[in-house]
Amino acid sequence: MEIVVCVKPVPEAESRLRPDAAGTGFDPDGVKFVLAGYDESAVEQALLLRQAVAGSTVSVVALGPAARVDEVLRASIALGCDRATAVEAADLPLADPVATGRALAEAIAALGRHDLVLFGKQAGDDEEGLVGAATAEALGVPFVGHVIDLRPAEGGGRFTFRRSVERGEERWEAPLPLAVGLQQAWNDPRTATLPAILRSRKATIGRRAAAPAPASSGSSAPVRFALPPPRQGAKMIEFATPEEAARKLVRLLQEEAKVFP
Amino acid sequence: MVDFSLSAEAESLRDLARKFARSEMAPHAAECDRGPRFPEEIYRKAHELGLMNLNVPSEYGGSGLGLFDQCVIVEELAYACGGMTTSIIANCLALEPILLGGSDEQKRRVLEPFCASYHLASFCLTEPGGGSDAGGLKTRARRDGDHYVLDGEKCFITNAPHASLYTVFATVDPAARHRGITAFVVPRSAEGVVPGKDEEKMGHRASSTSTVRFEHVQVPAADRLLADGEGFGLAMRTLDQTRTPIGALATGIAQAALDHAARYALKRETFGKPIAEHQAIQIKLANMAQAVHAARFLTWHAAWTIDRGGRGTLESSIAKCFASDAALHVADEAIQTFGGYGYMKEYPVEKLLRDAKLTQIYEGANEIQRTVIARELLRGYA
């Protein structure tokens, strides 16, 4: 089975982001980009499936400026992925999930066979959750999001998985090919060992340039990027009954926060 | 041109160490200090991730890192807990004599099985009668046919109660002083090897320290490192290699103290404003930051010198001595910044002071480092 995992370089959780000069994104200067969150779970899922289905290989694909994608691809190789492809795109409108999906789909198609395409259910930075579906659409493969615990079904050929939904859980079964968005941390992603990290530094990364996005593809673009206003001190409401609490809260929302008239 | 940035490789090693330190070590640091408790499960995990036998070449099953990369890792570990770090890097110290003095046959025979799974080793040089005066050690090694018989006692031995392997320095001829000292590899399983009880220590309490008695222990001649009388030089060359990471360990403690102090100073208010806005505290923080910076770069410089093939005796002594003094000073100032709270065990900074203190003493007391520095220095003027 050929498994492809798409990962996105995202700013390290402790990063302090500043708006860039144009005010439509953050300034990447000094920001460290890492493999994180949902994507780590997707890589872990791929590695578990490779173990479960003999003869499988795991390819990892990332799109973005070369320096950024190299780090997350090497991190994925250190975790155990077999090969890595960098889709280099310095100028691609990165915030456009349709253009991103198209570029990823081209790279995945160029790898050859792809039975299972895995994503984090959303990126760890913008948390849009659109690229998985957009890529699957461009590849012509069905997509399911918010998935945990993907495993080969007994009898072979099909896969089972679960989705958490309000007040319950769905159990699914689906044939290949399939694209899946995975939940975060349900599978306790492994940590790469020191020798694996050293080996990953020497691994060869396949490279391709992202096809330039057609001018008409701009389905979305960020208008403004700004930091949230500094947090004000919280106000505690003292109350004896829930009714009193609600009355005081509504008054504060009207008169002090001026959220509604 | 000189380059002060980390390579991408060093950065990824630092990230691994940081992740391990903050997720596995830090949450247990206070509890292990209080216990005290020797958190073997953490040390096992460190071994699994390749964070333990850092200096052993990969062909023998270690991580095969140069000194610079080791220092980057050690600083991160020590940021979370100095005591655990001491226990994690004690293998590097204990195995270094084998790396420097062992034959290829000895390295394969001893290191391969040792590194293949979780094991601890201890470096046995110091004795109750003298630490710094290593030339005067009393443990005897008497040749008897194809083996030696060891008798004597070592003290302050890191990890000794838990170790499966000891590198032991003993004299074949006490009258010859340091020219009689000879090094041996002794398994814990050898009859007559008796580790003592855990010492109750001021700091580094997650680490374990005890005496080791050697009572008529038979050691095959094949387990002697180098020749009779070559042990003292081997011990000194070992310490030349392992002194620099102590500078990194001290730097990690100092950085932790600075971070705690700066965060607290921004939060704690007196006279209507955060104490970070009072100049008295700003000057403190500025001085602490200078000390941390200097400690790190002196350590990096010593490691870089040795990795490039230099002897690094002067540089590593400067790094170890300065960084450990800096760690004590910065931890002290962190407590002062916290005021009364800093003196309380409920807050993390008093532990840093207790942990920092040992870095001035072990792997060559700072008095010895200063003697070495002066000797190396004056040689350039004579």
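Side chains are part of it too, since the values below use all heavy atoms of this structure and drop only hydrogens, waters and symmetry mates. Naming convention: chains lettered A, B, ... in sequence-line order (proteins, then strands); numbering from 1 in each chain.
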Subject >> Under-4.0 Å salt bridge between Glu24(B) and Lys45(B) >> reply: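 Salt bridge between Glu24(B) and Lys45(B), a charged N being under 4.0 Å from a carboxylate O: yes.
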Original post:
Is it the side chain or the backbone of Ala75(A) that comes within 4.5 Å of chain B heavy atoms, both, or neither?
Top reply: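 Neither part.
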Given heavy-atom pairs under 4.5 angstrom as the criterion, report whether the side chain, backbone, both or neither of [X] touches chain A.
X	answer
Asp69(B)	neither
Ser63(B)	both
Ala17(B)	neither

Original post:
Heavy-atom distance under 4.5 Å between the side chains of Met84(B) and Ile42(B), does that happen here?
Top reply: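 SC-SC contact between Met84(B) and Ile42(B) confirmed.
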**OP:** Would you verify whether the NZ or CZ of Arg22(B) falls within 45 degrees of the ring axis of Tyr79(B) while also being under 6.0 Å from that six-membered ring's centre?
**Re:** yes
**OP:** Could you tell me whether the side chains of Arg296(B) and Thr251(B) share a donor-acceptor contact shorter than 3.5 Å?
**Re:**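 Result is no, nothing qualifies.
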Original post:
Would you say the side chains of Glu96(B) and Asn55(B) form a donor-acceptor pair under 3.5 Å?
Top reply: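 Side chains of Glu96(B) and Asn55(B): pair found under 3.5 Å.
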**OP:** Using a cut-off of under 4.5 Å on heavy-atom pairs, state which of Ala192(A), Ala196(A), Ser200(A) scores highest against chain B.
**Re:** Ala192(A)
